Structure formats: C-alpha cells, structure tokens
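This is a predicted model, so every value here is computed, not measured.
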Amino acid sequence: MSNLMQFLGSSAVPVGAFLSYANGAPSNQLPPGAEYLRTGVAKVYDVSYADSMTQAPHLRIFGNDAKTQNPAYGAGSYYIDGIYYVGTNYVAYQVQSGAVINQYSASLATLNWSTPTGIGNSTAQSTAPGASNIVTRLANNGTYLVVPHGTAATGPWVSSNGSSYAIGTGTFTGMTTVSSALCFNNTWLHLSALDGGTPIGYCLNANPATGWAVQASSNIGMPYVFASAHNGATIVHVGGGGSSATAGKIGTATSVNGAVTDRTATCGITFNSLDVVVDAVYTGTLYVVLIARVRTGSVVTGFEVATSPDGLNYTLRPSANSHDAQPGVSGAMAYTPISRQGAPLCTNGAGQVTCFATASNVDHARLISVDNGITWTPAQIYQGKAGVYNPATMSFANGKWISNHNFQLGCCIDHGASLATPDLMGVQKATAGQYVRVK
C-alpha cells in the first residue's frame, strides 16, 4: 500500500493487512483510528484483540519466551520427526545424516537429551513419493513405544521407558523396511505396502517385545502406505504410488491382522493419477486425511483436507485455499515430502489438529483446526529464542502440544494442553518499512 492510504482513513486498511512505507514511517504518519505493529515485532495477546484475531487469524502467535525450553541447546543438523512420551520420559525421534536416532529426557522444562541403550541407527525409510524419509509416526500407547527398524526382515525396537530398547522377537521373514506403524487396542502393526506381495508384521500381545508374526498383505493396489490411524474400531490406511501414476488409496480393517478393504472408489473423493494421501489422524471424533493433489515427482504444490466419521465416507473441507483472501496470506498449503520432517498432521485426540503450511509474508505458519478438521485458520508458531529456523515438528505428548525447530534438538516450546488462545500477535517476519494492522 502507498502513503496515500494515510489520507483514506483506517477503514481502508483491513485488520491483518500490510501497509508499506518505502522509507519507514513515524507513528504519527500511520492512519488514525487503528493500531499498527511494525513487522518483526510481536505484542502480548489479550482479550481486547479477540475480534481482530477472528478477522485476521494469521496474526496469532502460539508460544513465547517463557514457554521456550533450552533455546540454545543442541544446535546441529537434527531433524525431529516427533516427540513422544513413554513411561516417564519424553522421546525425540530424529534423523541425522540419513539415520534414525532416538534420544530421551525426563522433562521438557530442563531438557538434557540422552542417548538410550540398545537402539542402533536405522536406515531412513521411504515414506514419500520418490523421496527417502523416515517413518511418519512411531507406534505408542504411553506404556510401550515401537520404533520400526531400518533393516529388512528385522523386528522393531521396543521400549517401556524411552531410555533402553530391545528388538522385538518373532518372525519377520520377507518384511521390507517399514513406513507405517500403529498401536490398535494394545495390538501392534507395522507395514510398508498393501499390494498382496509385501508382508505385514503384527503382534497381538499387549507387550510388543515378543510374539511378532508376518502374513501376506491384502492387495488393494497400495504400493506405499504413508500413514495409519484408528478410532478404536476401524483402522484406516492411506497412501498411493511412488513416482508412477498410481492414484491415492484409502483402505480399512478391523484388526491388525485382518483383511483390508479398499474404500477408494466409494469414499467420496475423486483421485487423479498422481494424487496420494500422505497422512491420516483421528481427532477423537473424525478422521482427517491430507491429500496431495498437485505433484511433480516428489514435489507437492497443492493439497486438500477431507474428514470422515467412520473411515469409509469422506467430505472435502476448505483448507488454506479458503484463506487466500486473508490480508497478508496467499497460496495454498505448501508441503514438499522430499524435504519435510515429521508428520504433516498432528492431533490432541480431542478435536484440535494442526497441519504444516506456508504463506507469503508470514513465517513459521501452521494451519489449526479446533473443530476436528472441519474448518481451518492460519497461525504462527513462535520463534523468538529458537532463532530463525522454521518449526520442524508439532507433537502432542503427555497432554501438551510441543513444537520443535530445525537444527535445535533441545529447543522445544511447551504450548500446554490447548491451541485455542494465542500468546502473542503480530508478524514475526520483519520487512523494512512494513506495518500490519492489529486492531
């Protein structure tokens, strides 16, 4: 916007919109009757800004200095795929130089990540079209954590405390490297494909340290399983093809070793030849799946979100595309599997779900839904003490939302139990001479 805007009155500049001055502007030149912040400056949120945040949700910032744990600890080339809680320890599942490594800590408040015993490095798994990445999620029920092994025909690592691991025992003949793992009613599953030829591994024991077996997978034409989720009654597997023209797939089962039924043709979603379903979670009420709609090789430039009450019938939901008109926010969700870390979706199991996103003018973006994935609004994750790196992971563990940052293993933000109320507001990305209306 030009300097002429100051003569048009504050109503000409919507809340959340940017106003630029080539040489900056003293406060007395800003349009009257409104409140502006210079970009790069954040302000503490209070209820007087509630209406503004409804009009411009991309100005919400979740996290602050007080919630940032160990901001200077662990700088290095670490990509955190997820943070889990098992026994009395938090577990950071990470990738370093193409290998999967776990570390653990008893507290986020006094992080001192340690290397557990009994677990070795794992070759990175193939979990994205044409890419080499790690398993989207580990299998965890709070009592046990199952980490798929990176070597074919080898059992997973199992831990009850996050500090020591042993390889699960049983039969693993024919198993390939695993791309999806799941705990379902205290039974366990790990698999990479549902193509009739690639075996699945499963364990019917509550303790997954023993009793693993294999069987032929159901053939629903899913050469890659990217994620699995369940609601306690139905398991949903999602995936698709690699670089080949194999469209997205959705399948369901009622047990870890039961037959998988192909639901793709009747699920209510039309898939094009290169579409894939890259993630799935259950929010406590609805399944939420993320569909990569536009793909060139392993680079994805367009997405859609769909929800389902039963895993069988899906409804497409507006996602980032519905926010293109929001001042300062443009472009659809951007998600590039070849360079991503962590699962793109995360839920607290009680209606809240987040998704990776990018937007022009707004750094460190996330899409947040507080109604089980039906509606979505953009927001920012606080950087502050964490430096300039984008958030690499959103996790929900031990009853709290946790974000983690690229190259900062120990730098976590403890957001608490809910993402309903922001901590700060403004735009974290500083642009010379640019202001944003906040009220």
Side-chain angles (χ1 to χ4, degrees), residues 69-70 73-74 76 78-96 99-125 134-151 154-170 178 180-184 186-190 201 203 205-212 228 281 341-343 346-349 392-405 408-417:
Q69 316 297 328
N70 277 16
Y73 180 81
Y78 295 94
Y79 296 99
I80 306 301
D81 181 67
I83 294 176
Y84 301 84
Y85 193 77
V86 59
T88 58
N89 285 317
Y90 293 93
V91 175
Y93 178 56
Q94 65 188 78
V95 176
Q96 180 186 17
V100 173
I101 307 170
N102 277 35
Q103 291 189 265
Y104 71 95
S105 176
S107 173
L108 289 178
T110 55
L111 283 178
N112 184 18
W113 296 101
S114 303
T115 302
T117 60
I119 188 169
N121 292 355
S122 168
T123 304
Q125 315 287 332
I134 55 178
V135 174
T136 304
R137 288 183 189 82
L138 307 183
N140 179 31
N141 66 354
T143 302
Y144 296 101
L145 184 68
V146 170
V147 184
H149 203 287
T151 303
T154 305
W157 287 293
V158 177
S159 179
S160 61
N161 55 19
S163 62
S164 61
Y165 291 77
I167 293 179
T169 61
V178 172
S180 182
L182 182 73
C183 177
F184 175 73
N186 289 323
T187 62
W188 307 82
L189 173 68
H190 65 181
C203 178
N205 295 338
N207 182 347
T210 61
W212 286 85
S228 304
V281 296
Q341 295 81 43
C346 183
T347 182
N348 65 351
T393 302
M394 283 292 288
S395 303
F396 191 83
N398 194 27
K400 59 185 68 179
W401 286 97
I402 305 165
S403 61
N404 180 269
H405 304 275
Q408 297 284 331
L409 169 60
C411 183
C412 297
I413 298 178
D414 178 355
H415 297 278

To the nearest 0.5 Å, tell me how far [X] [atom1] sits from [Y] [atom2].
X      : Y      : atom1 : atom2 : result
Cys183 : Asn141 : SG    : CG    : 4.0 Å
Ile413 : Ile402 : CD1   : CD1   : 11.0 Å
Tyr93  : Leu145 : OH    : CG    : 9.5 Å
Leu138 : Leu182 : CG    : CG    : 12.0 Å
Asn348 : Phe396 : CG    : CZ    : 4.5 Å
Thr210 : Asn205 : OG1   : CG    : 4.5 Å

Contact summary for [X] and [Y], nearest pair of heavy atoms:
X      : Y      : answer
Tyr104 : Ser163 : CZ-CB, 3.4 Å
Val178 : His190 : CG1-CB, 3.4 Å
Arg137 : Tyr84  : CA-OH, 3.4 Å
Met394 : Ser403 : SD-CB, 3.4 Å
Val147 : Tyr165 : CG2-CE2, 3.9 Å
Cys412 : Ile83  : SG-CD1, 3.6 Å

Between Ser159 (side chain) and Ser164 (backbone), is there a donor-acceptor pair under 3.5 Å? yes

For Tyr144 and Trp188, take the angle between the two ring planes, folded into 0 to 90°, and tell me which bin it lands in: parallel under 30, tilted 30 to 60, perpendicular over 60. perpendicular

Any non-hydrogen side-chain atom of Phe184 less than 4.5 Å from a side-chain atom of Leu189? no

